[in-house]
Number of protein chains: 2
Amino acid sequence: MLDRTPPQFPPFAVTVDLVVLAVASSTVQVLLVRRDTEPFAGQWSLPGGFVGVEQDLEDAARSKLEAKTGVALARTHFEQLATFGRPDRDPRMRTVSVVYLALVAERFEPVVAADAPPAAWTDIASARARSLAFDHDEILSGGVARLAAKLEYTTLATALCPPTFTIAVLRSVYDTVWGVELDPANFHRKVMATTGFVEPTGEQIVAGAGRPAKLYRPGSAELLNPPLQRPTDE
Amino acid sequence: MLDRTPPQFPPFAVTVDLVVLAVASSTVQVLLVRRDTEPFAGQWSLPGGFVGVEQDLEDAARSKLEAKTGVALARTHFEQLATFGRPDRDPRMRTVSVVYLALVAERFEPVVAADAPPAAWTDIASARARSLAFDHDEILSGGVARLAAKLEYTTLATALCPPTFTIAVLRSVYDTVWGVELDPANFHRKVMATTGFVEPTGEQIVAGAGRPAKLYRPGSAELLNPPLQRPTDE
DNA sequence: GAAATAGTGTCTTTGAGACAATATATG
DNA sequence: CATATATTGTCTCAAAGACACTATTTC
């Protein structure tokens, strides 16, 4: 019975797309690639591509990121964001895109292979101003919203920091993603009170002006309990 | 340029599967169907099926639920849960399943069409005891976890209550999903303090023993601010 | 009246937020 | 010393949780 003819089913194309986010210069930055083929040739889009027949979805997403950008993914947070499959989202064929959210510590320089389309970091305000290919504007918004929400109750902000960082750097991640200015004193105390959020390296930063700050690395905790409250903007 | 031949891509089967949850008899219940064809014939699985070529994903999920169970979906909460696509998850072919979470107010009696496989409500403990077809055990766990998490910061618990309900009924949803016993007094105050969580109907319940409780219907708010804290079990 | 459930009052503790004060660097 | 940033102290307010108490019904 097992080797009988499979039932009829409509064939779909399945792709993975990536929302790769970093924080730099007080902006949230997203990695975009310029399309060199139709549809949407010349427009910017999220990196992605077709999934192989024997390829796992997350593996596919990871390898797209590596292939298109040459980045080492050691310190990259990866999670599934959502799946987009409106029948008209790709004019060529029926396509379902499984989207992954990746958070990287630093803006690595995208390695542009000779035959690959150019990739570039763009702050999200500019990314929204250009309109992206397919339904990628909507996908990008979803990715940024997910990040903002998760900063409240997870330690993910450390994934957007260099391997070692000061509390001020960690705070700047929150300030940038949330578009607020958290109180440095209260933020410091809150982070210190949450066991496993960060752990001290014993080092200090080489400092410009002001008292030098201690350096920390990410702790073992993944969830913040109690969460870090996002200020309500009224 | 737009009408040129589409590039080669591996054909996938795309399905939608449903985690349909209700609360009854102090248990979380899930709607399961018994498979009558291979693979996994005779085992229980989540309801679902193939997506049509021109069908939107969520539309497909809704119509599967209607077709398989004959339920009116007016008061049903629907949201995308996650997508599962391990290459070996379906022995017949490469299949990607987009899973939706549905929350229903009451256990409607599943309408079993003459040619349709039988469907039945099962409490999640029993569902986990039987092992479900495909990777549906894992999917079910994900759905229940999503529900438990969302009760904290959304008003979704009202979607699991009848059209009008008492505060005690609403509390029993929290108690059941979280596996705790919240303090009736504090819960009452908390719900009342959150504008838009519930609104009074002016009616009272016909009561068994004890002081009759006021009846409420769901309010307009979707988010709880501040959230309802889930007790930490230490 | 006894029992049961609904709903209110009150006290304690925890944590968020405002902001003053102290610490340690540079120029 | 002036300035800048880091870090700590202190006070106030909001909300969670424990639990005593009151309200309104059935038996």
Side-chain angles (χ1 to χ4, degrees), chain A residues 26 151-153 157 161 164-175 178 180-217 221 223-234, chain B residues 26 151-153 157 161 164-175 178 180-217 221 223-234:
Chain A
S26 296
L151 289 194
E152 295 191 51
Y153 61 96
C161 294
T164 67
F165 50 87
T166 65
I167 301 298
V169 167
L170 183 64
R171 176 165 45 85
S172 77
V173 168
Y174 278 89
D175 284 350
W178 284 352
V180 297
E181 285 202 20
L182 299 176
D183 181 286
N186 293 333
F187 183 82
H188 191 279
R189 199 187 358 256
K190 171 76 187 179
V191 171
M192 289 325 205
T194 308
T195 55
F197 196 169
V198 299
E199 55 183 44
T201 64
E203 317 249 309
Q204 286 194 309
I205 204 167
V206 277
R211 173 173 169 179
K214 295 190 181 109
L215 281 170
Y216 298 85
R217 69 177 130 255
L223 293 176
L224 298 181
N225 222 289
L228 222 156
Q229 315 252 67
R230 183 176 182 177
T232 58
D233 38 25
E234 317 140 71
Chain B
S26 297
L151 289 193
E152 294 191 51
Y153 60 94
C161 294
T164 67
F165 50 87
T166 65
I167 302 298
V169 167
L170 183 64
R171 176 165 46 84
S172 77
V173 169
Y174 277 89
D175 284 349
W178 284 352
V180 297
E181 284 201 21
L182 298 177
D183 182 285
N186 293 333
F187 183 82
H188 191 279
R189 202 189 352 263
K190 172 75 187 181
V191 171
M192 290 325 206
T194 308
T195 54
F197 196 168
V198 299
E199 56 182 44
T201 63
E203 315 249 311
Q204 285 193 306
I205 204 167
V206 276
R211 173 174 170 178
K214 295 189 181 115
L215 281 170
Y216 298 85
R217 68 177 129 256
L223 293 176
L224 297 181
N225 221 290
L228 221 156
Q229 314 253 68
R230 184 176 180 176
T232 58
D233 38 25
E234 317 139 68

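Lettering follows sequence order; numbering is per chain, from 1.
- Put simply, CG on A/L224 is 13 Å from P on C/dG15, counting in whole angstrom units.
- The base of C/dA25 has none of its N or O atoms less than 3.5 Å from a complementary donor or acceptor on the side chain of A/R211.
- Between C/dA6, D/dA18, D/dT7, one nucleotide has an atom nearer to the side chain of B/N186 than all others, and that is D/dA18.
- On a pure distance criterion of 3.5 Å, a polar donor-acceptor pair joins the side chain of A/R189 and the base of D/dG9.
- Checking C/dC19, D/dA16, C/dG15 against the side-chain heavy atoms of A/P226 singles out C/dG15 as nearest.
- Comparing D/dT7, C/dG7, C/dA4 against the side chain of B/A209 picks out C/dA4 as the nearest.
- Between A/P226 and A/K190 the shortest side-chain heavy-atom distance falls below 4.5 Å.
- Within 6.0 Å of CD in A/E181 there are 12 or fewer heavy atoms belonging to other residues, nucleotides or ligands.
- Where A/Q229 and B/T166 each meet DNA chain C at their nearest nucleotide, the meeting point lying more 5' is that of B/T166.
- Atom CH2 in A/W178 sits roughly 14 Å away from atom C1' in C/dG17 (whole-Å rounding).
- When rounded to the nearest whole Å, the span between CD of B/E203 and C1' of C/dA6 equals 17 Å.
- A donor-acceptor pair is defined here as one N or O able to donate and one able to accept, closer than 3.5 Å; no such pair exists between the side chain of A/K214 and the backbone of A/T201.
- Applying the 4.0 Å criterion to OP1 and OP2 of C/dG15, one finds that A/K190 has every side-chain N and O outside that range.
- The interatomic distance linking B/D183 (CG) with C/dT10 (C1') rounds to 13 Å, in whole Å.
- Of all heavy-atom pairs between A/W178 and A/Q229, the closest is CZ3-O, 3.7 Å.
- The phosphate of D/dT8 has OP1 or OP2 within less than 4.0 Å of a side-chain N or O from A/H188.
- The CG-C1' distance, from A/L215 to D/dT5, rounds to 14 Å in whole Å.
- Between A/A185 and A/G210, the one whose closest nucleotide on DNA chain D sits nearer the 5' end is A/G210.
- One atom, CZ of A/F187, and another, P of C/dG17, lie 12 Å apart when rounded to the nearest Å.
- Between the CZ atom of A/R171 and the C1' atom of C/dA16 there is a distance of 16 Å, rounded to whole Å.
- Residue-level contact check: B/A193 touches neither bases nor backbone, having no heavy atom under 4.0 Å from any strand.
- Remark: side-chain polar atoms of A/Y174 are paired, donor with acceptor, to backbone N or O of A/L151 under 3.5 angstrom.
- Residue B/Q204 contributes atom CD, which lies 12 Å from atom P of C/dA6 at whole-angstrom precision.
- Contact annotation for A/A213: backbone-only contact, meaning every heavy-atom pair under 4.0 Å involves sugar-phosphate atoms and none involves a base.
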